[in-house]
Protein chains: 2
Amino acid sequence: MSETRWLDEDEQRAWLRTAAVLELLPGALDSQLLRDSDLTHFEYFALASLSEAPERTLRITALAALTNATLPRLSRVLTGLEKSGLVKRATCSEDRRAKNVSLTEAGWAKVVQAAPGHVENVRRLVLDRLTPEQVQQLSDIAEALLGELDPEGKVFASTRS
Amino acid sequence: MSETRWLDEDEQRAWLRTAAVLELLPGALDSQLLRDSDLTHFEYFALASLSEAPERTLRITALAALTNATLPRLSRVLTGLEKSGLVKRATCSEDRRAKNVSLTEAGWAKVVQAAPGHVENVRRLVLDRLTPEQVQQLSDIAEALLGELDPEGKVFASTRS
DNA sequence: TTCTTATGGTTGCACCTACAACGATGTGTC
DNA sequence: GACACATCGTTGTAGGTGCAACCATAAGAA
């Protein structure tokens, strides 16, 4: 048992501010999307991820990795999106345990409609409040944190150094 | 209607990484505290905030501002903490609409027991993965974001510049 | 083949959170 | 004092999320 290394003043301030952002930012992202497009941020992110995949189709497990969701969570969200006609599921022919999710035309239209407002919101809340140097710093910091949070690099593999 | 300013490559990478951290970090904080102390991060934060207040007591509204919670959310969390004997509520004598929440002895003991593991986890997940310069950068970045997320500075007033 | 084990995905259950509506008290105006 | 209005906190209700248990299919061993 080693002694606890308590936070010094600078560390404490940095962490308290970070925790505050962690608490506030997700809600700010959700509320704009819910208001303007009737989507949670997670739903938007899943649809956007699909929209950039080949054939706008992915294995459910692959989409879960991209969006960093657990399978149960994604499964239920997909059920909702399917009811809304934005995606469809189909059993995979090669591996009949697996399923492919595809964006429907309506789903594609939804992403196209929602994207500008969402991007504008990300700028307003985050990017436009930082200098270009800070944006780069944030990118490096987040990358460092993902090393611990997502050690296998499964999530957002395309964005890792 | 102005044209959408889409994200350039650096901005997109920074944002995707940040969104990934936003998705993963809260769960990592919760799971250590739930495992070791049977508290969510939010519950821990509320108890810790109380533990640093004069008399270990705060108005419910003041605690909501400190923890950045809505009143309904905090009210229900306090109900749970009260059932566990960690806090108690008492109607405020000066303003009988209001109530004061106080940490009980058991609540204080819980904070004392939980703090070392939590601090260690914050170091493992965040602070120890960054250079001292990056910790300072993160502090400044979070401060800048709170300017938009919490314009009135009600939250974490003590940590703002 | 048959048995065992691993993987893909869904569902039961419990809990947490948001939004809106509500009861109760305080403040200002006439 | 009596009214309108704002504030403090709680609760009804609906929906999201995690964990564990579950079914179905696949892969490997005997």
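Numbers restart at 1 for each chain; the letters A, B, ... are given by sequence-line order, proteins then strands.
- The side chain of A:Pro72 has D:dA20 as its nearest neighbour among D:dA20, D:dT10, C:dG8.
- Comparing C:dC16, D:dG9, D:dT17 by their closest approach to the side chain of B:Thr61 singles out D:dG9.
- Comment: B:Lys99 does not engage B:Glu82 in a salt bridge, judged by the lack of any side-chain N to carboxylate O separation of less than 4.0 angstrom.
- In this structure, A:Leu58 atom CG and C:dG8 atom P are separated by 14 Å, rounded to whole Å.
- In this structure, the nucleotide among C:dC19, D:dG9, C:dG8 sitting nearest to the side chain of B:Arg59 is D:dG9.
- Heavy-atom contacts from other residues, nucleotides or ligands closer than 6.0 Å to CD of B:Glu148 number more than 12.
- Checking A:Ser75 against B:Asp95, the closest nucleotide of DNA chain C that is more toward the 5' end is the one next to A:Ser75.
- Rounding to whole angstrom units, CD of residue B:Glu23 and P of D:dT17 are separated by 8 Å.
- With DNA chain D read from its 5' end, the first of the two nearest nucleotides for A:Thr40 and B:Leu74 is the one closest to B:Leu74.
- Atom CZ of A:Arg35 is separated from atom P of C:dC19 by 12 Å (rounded to the nearest Å).
- Which of C:dT10, C:dA18, D:dA26 sits closest to the side chain of A:Arg96 comes down to D:dA26.
- With C:dT10, D:dT7, D:dG9 as the candidates, the nucleotide lying closest to the side chain of B:Leu71 is D:dG9.
- The interatomic distance linking B:His41 (NE2) with D:dG18 (P) rounds to 17 Å, in whole Å.
- Rounding to whole angstrom units, CD1 of residue B:Ile60 and P of D:dT11 are separated by 11 Å.
- Atom CG of A:Leu78 and atom C1' of D:dG16 are 14 Å apart (whole Å).
- Annotation: of the two residues near DNA chain C, A:Ser31 and A:Thr79, the 5′-most nearest-nucleotide partner is A:Thr79.
- Contact annotation: B:Arg89 reaches the phosphate of D:dT10 (side-chain N/O to OP1 or OP2, under 4.0 Å).
- Residue A:Lys83 contributes atom NZ, which lies 13 Å from atom P of C:dT10 at whole-angstrom precision.
- At a threshold of 4.0 Å, the pair B:Glu11-A:Arg123 counts as salt-bridged, since one of the basic side-chain nitrogens sits closer than that to a carboxylate oxygen.
- Judged by distance alone with a 3.5 Å cut-off, a donor-acceptor contact links the side chain of A:Arg76 to the base of C:dG12.
- Considering only the side chain of A:Thr70, D:dG18 comes nearest among D:dG18, C:dC16, C:dT25.
- Classification of the B:Tyr44-B:His118 ring pair by plane angle, with boundaries at 30° and 60°, yields tilted.
- Shown are A:Leu34, A:Leu29, A:Leu25; of these, the side-chain contact (heavy atoms from CB on, under 4.5 Å) with A:His41 is made only by A:Leu29.
- With rounding to whole Å, A:Arg97 atom CZ is found 17 Å from C:dT5 atom P.
- Position along DNA chain D of the nearest nucleotide to A:Glu94 versus A:Glu43 favours A:Glu43 as the more 5'-ward residue.
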